[in-house]
Number of protein chains: 2
Amino acid sequence: MKLPAELESFVVHFGEMGSRWGFNRTVGQMLAVIVFTEEPLNADQIAQMLSISRGNVSMGLKELQSWQLIRVHHRPGDRKDYFKPSGSIWELALQVLAERRKREVEPTLSLLRSQLMNDDPESDLFVSQKIKEIHDLLELFNTWFDDIHRMSPDNLITLLKLGSGVGRVLDIKDKISFKK
Amino acid sequence: MKLPAELESFVVHFGEMGSRWGFNRTVGQMLAVIVFTEEPLNADQIAQMLSISRGNVSMGLKELQSWQLIRVHHRPGDRKDYFKPSGSIWELALQVLAERRKREVEPTLSLLRSQLMNDDPESDLFVSQKIKEIHDLLELFNTWFDDIHRMSPDNLITLLKLGSGVGRVLDIKDKISFKK
DNA sequence: TTAAACTTTCAGAAATTTCTGAAAATTATA
DNA sequence: TATAATTTTCAGAAATTTCTGAAAGTTTAA
């Protein structure tokens, strides 16, 4: 199976962005071909389309599965594993954010929580203050994201579109009353 | 200048997280010592505290400045450059997000916009559809973030604390009227 | 069972990123 | 202007990450 010429620029781009998004070039390229190809693809097809080794594809698929961005699909009478995106573009984006929070925020929060526990009276006041500030910021973000993540796509879209307009709603929150 | 023992765990941790946050281990460690030290630090002090070369510090400082996370500070009668965080913890966090959006979203959006321009009627319908979906998602996110980024910290905190509670406000938006 | 069809693993090779430190460039002071 | 203080650059070295492909492992079917 040959990589359609049309997809080349996306594959190259997803490759370049890969490491910025949290994985590596090849994994980024693999995600691109899987997302932009309508039918589920098997490992050999991916290896051929991207001209990379079979072993590399196996590792990349494992990585994409650990991010929960792809899932296996089986076709009757065919023993190969076929892969397709685990959801809509919207769901994939949320999943990337969720996974990044887990990998980028969670470990730091753990460290900060444990530092706040031991509340050493010997410790420098400036340092304790900074620890508290970072901790509170990350906790707040964490709770917010959890909350947001549970919303339906439709509500989430409405919310995003409103943007800081929400600020206006909040400003008047004390001025409103319910209609009967 | 010696690295206070108290800071060691943070420096190590910020180092480990560095590459996940978008820079490398040393740059992460440098950010840690600058954020957790009350007085501005010069390059030699940083090199000594982290046991790394002077050249490496110079490159790292350039990187942190390109992220706008630190700024130079001069002391009377001293020709050295001293560095301190460019703002509060809150501002640094927003700055990291803004910079990451620029590096992770902007290039992809450019590519997608140009693809939507050429609107080739030859192109595969499934592919065009995906391009449009990703494009719209990123545009929406981009606009939202711009909007949010301009809010005052206080309003932003209120908004985060409300979380999906905003959804409830939106649900009832047709049911409210203003108090006189 | 056995064998064929697949997938995963992982040691070493290749590619990429980061680091060092001496030399070059810049800047401030006398 | 000269020189001393400081920062930046960058070639090569070191460290780290990624990739290959053959061997080992797993699964299915007869």
Side-chain angles (χ1 to χ4, degrees), chain A residues 1 3 11-12 14-34 40-67 70-84 103-104, chain B residues 1 3 11-12 14-34 40-67 70-84 103-104:
Chain A
M1 193 171 192
L3 182 72
V11 168
V12 169
F14 273 56
E16 282 165 358
M17 296 314 272
S19 50
R20 298 203 164 161
W21 295 338
F23 18 82
N24 69 37
R25 182 172 48 211
T26 309
V27 173
Q29 293 183 347
M30 289 176 54
L31 182 59
V33 298
I34 292 172
L41 295 171
N42 67 45
D44 288 315
Q45 291 174 318
I46 296 170
Q48 200 180 21
M49 290 167 92
L50 299 176
S51 310
I52 57 178
S53 75
R54 185 61 183 68
N56 199 1
V57 171
S58 180
M59 292 187 296
L61 289 170
K62 231 176 69 179
E63 174 82 353
L64 286 172
Q65 282 175 299
S66 87
W67 280 76
I70 61 173
R71 71 159 56 106
V72 192
H73 181 257
H74 286 105
R75 0 186 78 174
D78 190 336
R79 284 168 59 178
K80 284 196 171 68
D81 292 341
Y82 287 79
F83 295 89
K84 60 179 185 183
R103 294 166 192 227
E104 299 174 12
Chain B
M1 193 170 193
L3 182 71
V11 167
V12 169
F14 273 55
E16 281 164 359
M17 297 313 273
S19 50
R20 298 204 163 160
W21 294 340
F23 18 83
N24 68 37
R25 181 172 49 210
T26 310
V27 173
Q29 293 183 346
M30 289 175 55
L31 182 59
V33 298
I34 293 171
L41 295 171
N42 67 45
D44 288 315
Q45 291 173 319
I46 296 170
Q48 200 179 20
M49 289 166 92
L50 299 177
S51 310
I52 58 178
S53 75
R54 186 59 184 69
N56 200 2
V57 171
S58 179
M59 293 187 296
L61 290 170
K62 232 177 67 180
E63 174 82 354
L64 287 171
Q65 281 175 300
S66 87
W67 280 76
I70 61 173
R71 71 159 55 106
V72 192
H73 181 258
H74 286 106
R75 2 186 76 173
D78 190 337
R79 285 168 58 179
K80 285 196 170 67
D81 291 341
Y82 287 79
F83 295 88
K84 60 180 185 183
R103 295 168 191 226
E104 299 175 12

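In what follows, chains are A, B, ... by sequence order, proteins preceding strands, each numbered from 1.
DNA chain D lies under 4.0 Å from at least one heavy atom of each of the following residues of residues 49-60 of chain A: A/I52, A/S53, A/G55, A/N56, A/M59. Annotation: proximity of residues 73-84 of chain A to DNA chain C (heavy atom, distance under 4.0 Å) is found for A/R79, A/K80, A/D81, numbered in ascending order. Taking a 4.0 Å limit (strictly below) on heavy-atom distances, residues 20-30 of chain B reaches DNA chain C at B/N24, B/T26.
The structure places CD of A/Q45 at 10.5 Å from CD1 of A/I34, a figure rounded to the nearest 0.5 Å. How far CZ of B/R71 is from NZ of B/K84: 6.5 Å, rounded to the nearest 0.5 Å. Taken from NZ in A/K80 to CG in A/L41, the straight-line distance is 12.5 Å, to the nearest 0.5 Å.
For DNA chain D, the outermost nucleotides in 5' to 3' order that have an atom under 4.0 Å from a heavy atom of chain A are D/dT18 to D/dT28.
What you find for B/V11 and B/V33 is that their closest heavy atoms are CG2-CG1, 3.6 Å. When all heavy atoms of A/F83 and A/I70 are compared, the closest pair comes out as CD2-CD1, 3.7 Å.
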Can you give me every donor-acceptor pair (side chain of residues 46-62 of chain A, partner residue at least two apart or in another chain, under 3.5 Å) with its distance?
residue, atom, partner, partner atom, Å
A/Q48, OE1, A/M1, N, 2.4
A/S53, OG, A/N56, N, 3.1
A/R54, NE, A/D44, OD1, 3.3

Sequence neighbours left out, cut at 3.5 Å: what donor-acceptor pairs do the side chains of residues 17-30 of chain B make with other protein atoms?
residue, atom, partner, partner atom, Å
B/R20, NH1, A/R103, O, 3.0
B/W21, NE1, A/E104, O, 3.2
B/N24, OD1, B/T26, N, 3.1
B/N24, OD1, B/V27, N, 3.0

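Residues that satisfy the side chain to side chain donor-acceptor pair (under 3.5 Å) test with A/H73, not counting sequence neighbours, are absent from this structure.
Between A/N42 and A/S19, the residue anchored nearer the 5' end of DNA chain C, judged by the nucleotide with its closest heavy atom, is A/N42.
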